[in-house]
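Following: one structure in structure tokens, then a few remarks.
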Amino acid sequence: MNAATFTYPDVGATRLGPLPDGYHHLHHRTRIGRGRPAFEAAGTAVTTFALHRRSGAGVAATSPRAEPGTGVRVSLGVGRLRVTAPCEVVWTAYERDRTGFAYGTLTGHPECGEESFVVEMGEDGSVWFTVTAFSRPARRYARLAGPLVPVLQRAYAWWLGRTLTGIARDA
């Protein structure tokens, strides 16, 4: 996979913003715990794709941990209703108090855009998980789903936060 296969021009926009016009924007933030052990456990779960797997998504990645250029296929649903979404990691953050990554959509993804998953620890020790995305329909069935798609995206971001809260709590 290479940058020529991305389905949108604003590669990396979730890292520093602003999010580009012409897309649906998502910003969902969840407090998931407190302290270094919670931060480390959550950061590892995010960057090894364990969070996505524990939340019920199928994940196939070309490397065990998120790195720029890693190919990722995320699948949700069952049987004929299973949707597979090819992506590629566009940036990562492995910092003292911030860990995460973003992936961008590739040809065949039902949406067009980028999504980031970031865990941060505040100065007070609180640990936060943020999902930031911009997207618009790329496939006919995504366009037909219309206003339902952003609702499902928000629900999935909420579910990821809930799942990661459990992971952080068990640390």
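FYI, the numbering just counts along the sequence from 1.
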**Message:** Could you check whether any side-chain heavy atom of His109 comes within less than 4.5 Å of a side-chain heavy atom of Tyr8, counting everything from C-beta outward?
**Reply:** no
**Item:** Residues Thr14 and Trp91: side-chain donor-acceptor under 3.5 angstrom
**Value:** yes
**Prompt:** Mind checking whether Val118 and Trp128 sit in one hydrophobic cluster, side chains of I, L, V, M, F, W, Y counted as touching below 4.5 Å?
**Reply:** no
**Item:** Pairwise distance CZ(Phe134) to CD(Glu115) - rounded to 0.5 angstrom
**Value:** 10.5 Å
**Message:** Counting only heavy atoms from other residues, nucleotides and ligands, does the tally under 6.0 Å from CZ of Arg53 exceed 12?
**Reply:** yes
**Request:** Answer yes or no: is there a side-chain heavy-atom contact under 4.5 Å between Thr47 and Thr99?
**Result:** yes
**Request:** Show your working on side-chain contact (heavy atoms from CB on, under 4.5 Å) between Thr30 and Thr165 and close with a plain yes or no.
**Result:** CA-CA 8 Å; Thr30 306; Thr165 299; 4.1 Å; yes
**Asked** side-chain contact (heavy atoms from CB on, under 4.5 Å) between Glu67 and Tyr94: does it pass, once the steps are laid out?
**Response** CA-CA 10 Å; Glu67 295 295 345; Tyr94 291 100; 4.0 Å; yes
**Complete:** So CG of Leu106 and OG1 of Thr5: to nearest 0.5 Å the spacing works out to 4.5 Å
**Asked** In Å, rounded to the nearest 0.5 Å, how long is the span from CG of Leu51 to OG1 of Thr44?
**Response** 12.0 Å
**Prompt:** Got a second to check how far Arg136's CZ is from His25's NE2, nearest 0.5 Å?
**Reply:** 10.0 Å
**Item:** Non-hydrogen atoms of Asp124 and Ser126 that approach each other most closely
**Value:** OD1-OG, 2.7 Å
**Request:** Enter the distance from Met121:CE to Arg98:CZ here, rounded to the nearest 0.5 Å.
**Result:** 14.5 Å
**Message:** I'd like to know if the side chain of Arg15 reaches the main chain of Thr92, judged simply by a donor and an acceptor atom lying under 3.5 Å from each other, with no hydrogens or angles considered.
**Reply:** yes
**Prompt:** When you measure from the side chain of His28 to the backbone N and O of Phe129, does any donor-acceptor pair fall under 3.5 Å?
**Reply:** no
**Asked** CG of Asp170: more than 12 outside heavy atoms within 6.0 angstrom?
**Response** yes
**Asked** Which atoms form the tightest heavy-atom contact between Arg154 and Leu26, and what is the distance?
**Response** CG-CD1, 3.4 Å
**Message:** Quick one, Arg73 and Cys87 - any side-chain contact, counting heavy atoms below 4.5 Å?
**Reply:** no
**Message:** Can you see whether Gln153 engages Ser135 through a side-chain donor-acceptor pair at a distance of less than 3.5 angstrom?
**Reply:** yes
**Message:** Looking at every heavy atom in both Ala13 and Leu19, which two are closest together, and how far apart are they?
**Reply:** O-CD2, 3.9 Å
**Prompt:** Sub-3.5 Å donor-acceptor pair from the side chain of Thr132 to the main-chain atoms of His27, do we have one?
**Reply:** no
**Closest contact, heavy atoms only, Ser63 versus Phe49** = O-CE1, 3.8 Å
**Prompt:** Is the backbone N or O of Thr163 less than 3.5 Å from a side-chain atom of Arg54, with the two atoms forming a donor-acceptor pair by type?
**Reply:** no
**Request:** Kindly assign one of parallel, tilted or perpendicular to the pair Tyr103 and His52, based on the angle between their ring planes and the thresholds 30° and 60°.
**Result:** tilted
**Prompt:** Going hydrophobic residue to hydrophobic residue with side-chain gaps under 4.5 angstrom, can you get from Val59 over to Val131?
**Reply:** yes
**Prompt:** Can you tell me how far CG of Leu160 sits from CD1 of Ile32, rounded to the nearest 0.5 angstrom?
**Reply:** 11.0 Å
**Item:** Side-chain donor or acceptor of Trp159 paired with backbone N/O of Ser55 under 3.5 Å
**Value:** yes
**Asked** Should the ring pair Phe117 and Phe101 be called parallel, tilted or perpendicular, given that the plane angle runs from 0 to 90° and is split at 30 and 60?
**Response** tilted
**Item:** Nearest non-hydrogen partners of Leu164 and Ala45, listed with the distance
**Value:** CD1-CB, 3.9 Å
**Prompt:** Between the side chains of Arg82 and Ser75, is a donor N or O closer than 3.5 angstrom to an acceptor N or O?
**Reply:** yes
**Under 3.5 Å: donor-acceptor pair, side chain of Thr70, backbone of Ala66** = no
**Item:** Glu114 side chain reached by Thr7 side chain, heavy atoms, under 4.5 Å
**Value:** no
**Fill in**
Tightest non-hydrogen contact, residues Val90 and Gly104, listed as CG1-N, 4.0 Å
